[in-house]
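Below is one structure, written out as structure tokens; comments come after it.
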Amino acid sequence: MGEFNTVSRRSFLKTSTAAGAVAALGTPTLADGHLPDPASVLADISVPKYVREDYRTLYGMSGDPIWDTDQDWIRTVDWEAVRSELAGTTVRFAIGAADQESAAEGLVPFEKLSGIKVELVPIPDDSFYDKAIAEFISGNASFDALQFFSPWLGDFAAPGFLAPLDDYASKWNLPLDDFYDTYRLNYGFFNGQMYGIPFDCDIQMVHVRKGYMETLLGGEIDKWNSVPTYDELIRVSGELNKIEPGVAGVGLMAARGFWSTYTWEHIAAQAGMMLFDEDWNPIFNGEAGMKGLEIILELAKNSAEGTAGAGWGENRAAWLGGQLATNVSWQDSGTQAMRPDQSQIVDDFVTIYEPRISGGNFAPPNIAGSTSCVASTSQNPEGAFLMLAFLTTSSIMAMNEANANGVAPGYRSVLSNPGLQAVSQPAEVWGKSLDYAWCAPRLPGMFEMEQALGNEINRAVVGQISAREALDNGADAIRKIMDRNGFYSSRPPVDYAAVEPGLWVGKGKEMPF
């Protein structure tokens with residue numbers, strides 16, 4: 001189950017949880033009880049001190065905030081009140097071992113602001129899930145707080161491993177209403193109670209090469225109308241597959257396991273696919289699910305060689321290396337494509353609105369991501385909450401996006417900021433799309449289910465079984481996992497009504513254009 005961490009986008013890029021030039025702020029003088037004026041610490045959490053100099057120069061960044069200071073939690077919370085209650089206490093924070101050093105640097109200003117000392121508990125990235133679960137089961141977890149892959153939320157919350165955060169969020173005025181609903185509901189809440197603060201807030205999007213597309217279209221790209229449907233993407237990718245040697249018509253992530261599941265969920269959601277009915281029976285192998293998989297099989301004909309083995313790393317390399325004419329990937333494929341040190345296609349791509357499917361939904365897919373939680377056994381749960389609120393505050397998340405490090409903001413006030421949009425080409429389309437987002441529920445066993453289903457979808461992509469067999473096999477496997485986790489008992493671990501509002505937040509809304 002820890003497999004995701006070996007290929008996570010943050011680990012791949014070797015970025016930190018709160019990273020950057022804040023390391024230059026030095027260390028707090030907790031030992032003698034002297035803490036600096038909070039305003040002076042906050043002044044250094046800024047674009048000039050945090051965003052890479054070459055990126056600031058590239059985009060002519062003035063140093064002005066690329067977030068709303070009235071919504072930025074670290075600038076609205078009463079740090080003197082925090083200090084009076086919690087200075088001198090300690091928080092133990094479980095972190096992937098590869099991020100240990102950069103996380104320590106990023107937490108320096110939090111220690112100076114709060115007077116709380118943070119001790120990092122490194123866990124090997126490739127076994128984070130298993131190690132964390134083992135510690136929870138032991139009843140003596142070595143950490144107070146942790147950040148993890150959001151599809152694991154049900155696995156950690158259902159058994160009571162996580163502390164509820166509602167009271168702390170209310171006491172310290174966490175701006176939950178600034179999060180887009182899809183992130184707040186799916187990364188923050190489980191069974192109607194708050195257990196997490198959204199951290200890495202993803203969406204999958206469609207990106208196209210500007211030069212190739214404009215040659216094909218005979219004019220400029222219209223982000224809503226140039227590729228209005230998936231049928232059109234099939235046609236366009238077929239044409240672009242012939243446009244230049246070494247350039248494939250479309251990029252897809254269709255490797256075994258969750259990679260194939262996410263690509264299929266992305267497209268099938270546009271056909272109106274939902275994973276379960278209100279009694280938790282799998283229904284994704286119906287007409288809408290089949291439509292999504294059939295589209296993938298058609299797109300795969302125009303895809304790069306090795307697509308059936310492609311996860312994010314392989315897809316990213318092909319896209320940024322100029323080997324794909326269109327790409328179905330995450331939003332950071334757009335942000336990173338803008339950066340000359342990462343990309344060979346700077347200024348030659350556009351992120352478009354999600355193509356539609358006749359009779360389906362406009363349901364841009366919120367897939368993957370990560371969340372920040374407090375252990376139920378924490379000796380300092382309030383301090384742990386405050387640390388996580390610091391790490392996920394809108395200014396730090398906005399500057400993560402400006403640094404193109406793959407840690408994505410989920411705040412309205414960030415993605416709608418013109419300064420942020422100037423350094424993140426997908427941001428405007430991304431932000432407008434989130435009010436219609438689709439998301440899989442965060443259930444106990446969800447990642448195991450996504451793995452099992454993706455293995456079957458991959459078999460269909462490589463031609464071993466039919467699309468129908470793949471989805472039927474996946475439904476059988478998922479039903480067994482759901483049964484084992486108690487979903488068909490008289491008291492299922494999750495109430496469908498509690499998760500239903502977050503499954504497709506676009507329900508009942510008119511499309512944006």
Side-chain angles (χ1 to χ4, degrees), residues 4 6-16 19 51-52 54-59 98 200 202-215 221 223 227 233 236-237 240-241 243-255 259 262-263 266 299-300 302-352 365 367-369 400-409 420-430:
F4 183 81
T6 67
V7 287
S8 75
R9 289 167 295 128
R10 287 193 303 119
S11 295
F12 186 90
L13 291 171
K14 297 184 178 178
T15 60
S16 72
V51 178
R52 287 176 43 162
D54 56 335
Y55 292 169
R56 299 199 314 270
T57 301
L58 179 66
Y59 295 106
D200 185 11
D202 288 313
I203 187 173
Q204 282 201 358
M205 307 184 80
V206 175
H207 315 275
V208 301
R209 292 285 295 281
K210 186 177 180 183
Y212 295 148
M213 281 295 298
E214 290 182 346
T215 297
I221 296 170
K223 295 178 182 179
V227 188
L233 184 60
V236 164
S237 64
L240 294 176
N241 204 34
I243 201 163
E244 185 176 321
V247 176
V250 64
L252 300 170
M253 291 173 282
W259 298 115
Y262 289 167
T263 298
H266 178 158
L299 287 172
N302 307 324
S303 68
E305 184 176 351
T307 289
W312 174 78
E314 295 81 3
N315 177 273
R316 175 184 184 272
W319 169 247
L320 298 182
Q323 298 164 27
L324 304 175
T326 68
N327 197 22
V328 181
S329 183
W330 271 285
Q331 78 291 329
D332 54 8
S333 289
T335 310
Q336 292 166 9
M338 299 176 69
R339 305 300 192 262
D341 61 311
Q342 300 189 46
S343 168
Q344 297 180 31
I345 58 172
V346 176
D347 297 327
D348 189 29
F349 74 96
V350 175
T351 303
I352 64 173
I367 289 174
N400 280 330
E401 183 65 15
N403 280 325
N405 63 17
V407 182
L420 187 283
Q421 291 177 357
V423 300
S424 175
Q425 187 271 156
E428 182 178 7
V429 173
W430 172 10

I need the minimum non-hydrogen distance between [X] and [Y], along with the two atoms involved.
| X | Y | answer |
| --- | --- | --- |
| Leu324 | Gly251 | CD1-CA, 3.7 Å |
| Tyr212 | Ala325 | CD1-CB, 3.9 Å |
| Trp319 | Ala337 | NE1-CB, 3.8 Å |
| Ser333 | Asn327 | OG-ND2, 4.1 Å |
| Ile352 | Val429 | O-CG1, 3.7 Å |
| Asn403 | Val51 | OD1-CA, 3.4 Å |

Exercise for the section: Taking side-chain hydrogen bond (donor to acceptor under 3.5 Å, both in side chains) as the test, write out the residues that go with Asn302, two or more places apart. Expected result: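 Applying side-chain hydrogen bond (donor to acceptor under 3.5 Å, both in side chains) to Asn302 gives Ser237.
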
Closer than 3.5 angstrom, by distance alone: can the side chain of [X] be matched with the main-chain N or O of [Y] as a donor-acceptor pair?
| X | Y | answer |
| --- | --- | --- |
| Thr215 | Gly211 | yes |
| Thr335 | Asp332 | no |
| Asp200 | Ala408 | yes |

Exercise for the section: Classify the angle between the aromatic ring planes of Trp330 and Trp259 as parallel (below 30°), tilted (30 to 60°) or perpendicular (above 60°). Expected result: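 Correct class here is perpendicular.
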
Problem - Derivation of the side-chain hydrogen bond (donor to acceptor under 3.5 Å, both in side chains) call for Asp341 and Tyr55 - result: CA-CA 10 Å; Asp341 61 311; Tyr55 292 169; 2.8 Å; yes

For the residue pair [X] and [Y], establish whether any side-chain heavy-atom pair is separated by less than 4.5 Å.
| X | Y | answer |
| --- | --- | --- |
| Ile203 | Ile367 | no |
| Gln342 | Arg316 | yes |
| Val328 | His266 | yes |

Practice task
Starting at CD of Glu428, measure out to OG1 of Thr351 and round the result to the nearest 0.5 Å.
Solution key: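 OG1 of Thr351 is found 11.5 Å from CD of Glu428.
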
Practice task
Please determine if Asp348 and Arg209 form a salt bridge, counting it only when a charged side-chain N lies under 4.0 Å from a carboxylate O.
Solution key: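 Here Asp348 pairs with Arg209 in a salt bridge, since their nearest N and O are under 4.0 Å apart.
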
Problem - Which residues share a side-chain contact (heavy atoms from CB on, under 4.5 Å) with Gln344, sequence neighbours left out - result: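 Scan of Gln344 (side-chain contact (heavy atoms from CB on, under 4.5 Å), adjacent residues dropped) gives none.
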
Handout entry: side-chain contact (heavy atoms from CB on, under 4.5 Å) against Asp347, all qualifying residues, sequence neighbours excluded
Key =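 With sequence neighbours excluded, Asp347 shows a side-chain contact (heavy atoms from CB on, under 4.5 Å) to no residue whatsoever.
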
Practice task
Evaluate the criterion side-chain hydrogen bond (donor to acceptor under 3.5 Å, both in side chains) for residue pair Ser329 and Gln204; output intermediate values, then yes/no.
Solution key: CA-CA 5 Å; Ser329 183; Gln204 282 201 358; over 6 Å; no

